[in-house]
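So the structure is just underneath, and the comments pick up after that.
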Protein chains: 2
Amino acid sequence: MEIREILEAFRQYIKDKGLRYTKQREAILKAFLRADGHVTVEELYMQLRKKHPGIGFSTVYRTIKLIEDAGLATRLSFDERAERFEKTVGTDHHDHMVCIRCRRVIEFESPRIERLQTEVADKYRFQILSHRLEIFGLCNICRPHKSLV
Amino acid sequence: MEIREILEAFRQYIKDKGLRYTKQREAILKAFLRADGHVTVEELYMQLRKKHPGIGFSTVYRTIKLIEDAGLATRLSFDERAERFEKTVGTDHHDHMVCIRCRRVIEFESPRIERLQTEVADKYRFQILSHRLEIFGLCNICRPHKSLV
DNA sequence: TATCAAATGAAATTTAATATCACTACCTGC
DNA sequence: GCAGGTAGTGATATTAAATTTCATTTGATA
């Protein structure tokens with residue numbers, strides 16, 4: 001999905017909700033799409049200031065929520081103070097392994113896990129809208145190696 | 001595992017770390033084990049005040065972390081402001097489905113998902129210490145039913 | 001183009017979580 | 001059992017994320 005199409009989808013979403021498509025909202029979405037990985041609102045705001053010094057903090061907060069509601073972002077929670085967001089378009093769905101020592105984040109995909117989730121949800125007649133699988137532990141660099149013992 | 005045994009395990013953990021086993025720590029662990037479901041630190045504190053009015057807020061925070069470190073509690077994050085904790089002993093490991101409308105939380109077990117997680121982790125030589133799978137969506141009561149359309 | 005509600009931005013506020021620090025009490029060695 | 005040092009506690013202050021408030025601006029429609 002091209003950037004242009006994503007912007008258009010966002011505009012459409014906003015319109016459908018009876019809201020207004022503003023410069024700020026577009027700028028924030030663009031910056032968010034450009035940002036890599038998992039950004040906090042703070043980080044996004046800092047990035048935005050460079051090109052759009054006038055933009056307000058609250059607006060970034062408000063807009064990231066809109067973007068999330070539109071299904072273009074996912075909220076992550078790596079046990080930090082601030083929440084992080086990542087884009088859901090352009091990349092396949094994936095989950096995260098977080099190294100609790102070096103804080104590195106490894107992304108992985110597992111269609112089989114996804115399928116099992118759907119099975120479980122069906123059993124409970126639960127309609128999945130999103131999910132979040134976070135594995136915490138030690139990455140291959142930080143874990144104790146046998147050879148060192 | 002009986003309460004008495006859990007307390008003993010906690011004492012042992014604390015001792016092994018060269019820390020001190022205090023009345024407060026015991027009281028907090030007891031209250032936590034008694035509390036049902038998924039409590040916030042705030043809720044736990046309120047509960048504790050009834051029996052132990054002198055107990056401090058900071059101590060509850062500090063101790064819940066200790067309990068977590070000891071492997072007796074898991075940190076949850078249901079996209080709320082405050083974090084929640086649940087006990088990991090006495091119950092089998094499970095994951096959560098959170099209804100974004102009524103906030104109901106459904107617990108489920110899936111050994112198959114667990115196994116797949118282990119497989120993925122192995123592939124990356126990642127050592128799992130804990131994990132968290134949260135599915136967000138609409139529960140069977142809140143989801144739109146075909147019959148109503 | 002005028003109108004008006006929605007959106008914005010600056011500042012204030014709320015709230016969770018952490019840090020500080022004087023005082024307390026746990027524990028080890030005697 | 002007692003003393004001393006030391007980790008723990010609790011009240012308060014502080015930090016930091018997120019939200020609210022409100023006067024002003026701006027987008028879209030009639």
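In what follows, chains are A, B, ... by sequence order, proteins preceding strands, each numbered from 1.
Atom CZ in A:F78 sits roughly 17 Å away from atom P in D:dA17 (whole-Å rounding). Per the geometry, OH belonging to A:Y45 stands 14 Å off C1' belonging to D:dA17, to the nearest Å. Per the geometry, CD belonging to A:E43 stands 16 Å off C1' belonging to D:dA18, to the nearest Å. Between the P atom of D:dG27 and the CD atom of A:E26 lies a distance of 12 Å, rounded to the nearest Å. In this structure, B:Y61 atom OH and C:dT15 atom P are separated by 13 Å, rounded to whole Å. If you measure from atom CG of A:L19 to atom C1' of C:dT8, you get 14 Å, rounded to the nearest angstrom. In this structure, B:R11 places its CZ atom 7 Å from P of C:dC27, rounding to the nearest Å. Here D:dG27 presents its P atom at 8 Å from CD of A:Q24, a figure rounded to the nearest Å.
Remark: the A:E86 side chain and the A:H94 side chain contain an N/O donor-acceptor pair separated by less than 3.5 Å. Counted by atom type alone, B:S77 and A:R132 present one or more donor-acceptor pairs between their side chains at under 3.5 Å. Judged purely by distance below 3.5 Å, without hydrogens or angles, the side chains of B:Q117 and B:H131 pair a donor atom with an acceptor atom.
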Quick one: do B:E107 and B:H38 satisfy side-chain hydrogen bond (donor to acceptor under 3.5 Å, both in side chains)? Show the steps, please. CA-CA 11 Å; B:E107 298 182 346; B:H38 319 111; 3.0 Å; yes
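When heavy atoms are screened at a 4.0 angstrom cut-off, A:K15 is found touching the sugar-phosphate backbone but no base atom. Note on A:G54: only backbone sugar-phosphate atoms sit closer than 4.0 angstrom, heavy atoms only; bases stay farther off.
Looking at B:R81, its side chain has no donor and acceptor atom pair within 3.5 Å of the base of C:dA16. With hydrogens and angles ignored, no donor-acceptor pair closer than 3.5 Å exists between the side chain of A:R25 and the base of C:dA7. The base of D:dT19 is not paired with the side chain of A:R62 by any donor and acceptor separated by under 3.5 Å. The base of C:dA6 lies close enough to the side chain of A:R20 for a donor and an acceptor atom to sit less than 3.5 Å apart.
Taking 4.0 angstrom as the limit, A:T22 places none of its side-chain polar atoms (N or O) nearer than this to OP1 or OP2 of D:dT26. The shortest distance between the side-chain N/O atoms of A:K23 and the OP1/OP2 oxygens of C:dT8 is not below 4.0 Å. For B:K65, no side-chain nitrogen or oxygen approaches OP1 or OP2 of C:dA17 to under 4.0 Å.
Each of B:S58 and B:I14 was matched to the nucleotide of DNA chain D holding its nearest heavy atom; the match closer to the 5' end belongs to B:I14. Both B:G56 and A:Y21 lie near DNA chain D, and the one whose nearest nucleotide falls closer to the 5' end is B:G56. Along DNA chain C, the nucleotide closest to B:F57 and the one closest to A:G18 are compared, and the more 5′ of them pairs with A:G18.
A:L44 and A:V105 fall into different hydrophobic clusters, where Ile, Leu, Val, Met, Phe, Trp and Tyr residues are linked whenever their side-chain heavy atoms come under 4.5 Å apart, directly or through other members.
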